[in-house]
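Below, chain A is the first sequence line, B the second, and so on; all start at residue 1.
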Amino acid sequence: MAKKTTGNNDQSKSTDAVVGADQIPSHTAAGQEKRFVEDLADKDDFAQWYFEVVRKADMAEDSPVRGCMIIKPYGYAVWEAIQQGLDTRIKATGHQNLYFPLFIPMNFLQREAQHVEGFAPELAVVTHGGGEELAEPLVVRPTSETIIGHTYARWVQSYRDLPLLYNQWANVVRWEKRTRPFLRTSEFLWQEGHTVHRTEEDAEAETLMILHEVYADFVEKELAIPVVRGRKSDSEKFAGALRSYSMEAMMGDGKALQAGTSHNLGQNFAKAFEIQFLDADGTRKYAWTTSWGASTRLIGGMIMVHGDASGLKIPPKVAPIQVVIVPIWRKDEERVLVEETVTTLERTLRASGIRVKSDWRDNKPGFKFSDWELRGVPLRLEIGPKDVQNTQGTLVRRDTRAKESVPWNSMVARVQDLLAEIQQSMFDAALRFRQSRTYQVATYDEFKMRMADRANLGFVETWWCGGAACEAEIKAQTQATVRCLPFERSTDASSGQCVYCGQPATTWAVFAKAY
RNA sequence: CGGGAUGUAGCUCAGCUUGGUUAGAGCGCUUGCUUUGGGAGCAAGAGGCCCCCGGUUCGAAUCCGGGCAUCCCGACCA
């Protein structure tokens, strides 16, 4: 059950909160940690911890509409950084942005059988407009393959028109039964790329290029989240796709999060929407299309991968604030001196392209330390009378809490070094965690044991026959699903037996409980 | 859609069993003073259609009926 934590916790409750510390990676000593943790949820309740971090770090809050969230400025700034990182890569690989309408005629969805079957249960439908009932209901887009396919059919006439390489930034609506901030909301923000190609090879190359060079590159280098890349099983692939690929990240509780997907749609949508072209050989052919998307869910992933008992840890490259300056003073004349130094340092750091903010709020320094740690700012710079006297500043890392005194004249260089170091060390820590929680199993008993061990939950890698029946049985019994058939196998063996049915395996697979 | 629970101050909640003047606490907020190198203290304030509709009653946050909403557990989830 959700435990309510308020300021008037009794002593025993606070103590309990520290004891259950095994779930969330922490780099702090237990004794020191206690103070920081008293307002966050018990850490063995990961779901509750997640919800409180989102709210208390000022990322997002509930909205009057069920399942929808209000993204607050601090959370939206992270989204803007994600947008920028992805958009840069999308454009660098030859794509252009455009925009399609929010509404889609109902019959468009129905033209691709698997697509409508997959999305029908979660559609929001508009039946009235301007006070009158519409002749045909409009669907609020759950994704835009159909309306874009309909349009591409006109845009594609000749092989010379190909490829079409377009992307749009948009909001979509999927009426989910169960929602969580950022991870699964009824409305979410994303980018969806939609491309058209002359051949299957071209479409396949596009699909994989996006997965590797756009998605995985961004998520690993900027969000500091290591991912497992691979193909989706048939039951998990996109509704209407020929093949789906994804990258899967491990959260702090050992569950998997699909962090981005890229689909080779084959000719399914081309046939449904008559996207045809006259090829060089004079024959009329159906085109090959792809689609790929990454969403605000990435923010949830970032929180769940890096966060600890003190709150958020935002990787420096996407942190809205990279350095927060906390001024410290007692007397007014001290404040004057400190203010002068802070202003100068702030200006210098900003001029070097560092995102910096000074905190002049009327609170004690200790409050501010905790507050900015909760918000995950990578570096804190303390400036007090002692620092002014010694012409130095005190830098404190969010990830390790390591403190050091740095002379003013080398501050910019040291900050830049530390930001790079934190970025790398956050990725390394996440990778180590994933490796420590990734298990290769040979028997189904071992498989079940791993999925039942909540404290050490993680990814299970094993052989699988590829059969939907085994996949469904495993899911029913353990809640684990095939996350992907990874490109890189962590085994030397060239073949094996299906972990469930014992028949000769066709593939090596990563199983996990998933968000 | 099944099972369970809950709607009282900005937030987290107490009060309801056993109906009775002006409905409470902590946190937050406002003002003042003192504080400030790891979550400050004191004082004075502001803040309520007690989810909605109806019923019982001299009298309803409290009892009864109906409705709505939200949360949790399942099922579902590109």
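Candidate nucleotides C77(B), G39(B), U35(B) were compared by shortest atom distance to the side chain of Asp362(A), and U35(B) ranks first. The Arg66(A) side chain lies nearest to U70(B) when the options are G39(B), G37(B), U70(B). Side chain of Pro385(A), nearest nucleotide from G39(B), C77(B), G37(B): G37(B). Listed nucleotides: C77(B), G37(B), U70(B). Nearest to the side chain of Lys386(A): G37(B). Checking G37(B), U35(B), A40(B) against every side-chain atom of Phe367(A), the shortest atom distance belongs to A40(B). When distances are taken from the side chain of Lys177(A) to each of A40(B), A75(B), G39(B), the shortest belongs to A75(B).
Salt-bridge check for Arg243(A) with Glu200(A): passed, with a basic side-chain N closer than 4.0 Å to an acidic carboxylate O. Look at Glu404(A) and Arg397(A) and you find no salt bridge, because none of the NZ, NE, NH1 or NH2 atoms lies under 4.0 Å from a carboxylate O.
Along RNA chain B, the nucleotide closest to Thr394(A) and the one closest to Tyr515(A) are compared, and the more 5′ of them pairs with Thr394(A).
Taking the six-membered ring where the residue is Trp, the centroids of His263(A) and Phe269(A) are separated by 6.0 Å or more.
Between C58(B) and C50(B), the two P atoms lie 23 Å apart (nearest whole Å).
Within the 4.0 Å cut-off from OP1 or OP2 of U36(B), at least one side-chain nitrogen or oxygen of Arg330(A) is found. The side chain of Lys364(A) contributes an N or O atom lying less than 4.0 Å from OP1 or OP2 of A40(B).
Of the nucleotides present, none pairs with G19(B) by Watson-Crick or G-U wobble criteria with both distances under 3.5 Å. For G65(B), the paired nucleotide is C53(B), the pair qualifying as Watson-Crick or G-U wobble because both relevant distances are below 3.5 Å.
The base of G37(B) is paired with the side chain of Asp387(A) by a donor and an acceptor separated by under 3.5 Å.
Cation-pi geometry between Arg184(A) and Tyr515(A) is not met at under 6.0 angstrom from the ring centre and within 45 degrees of the axis.
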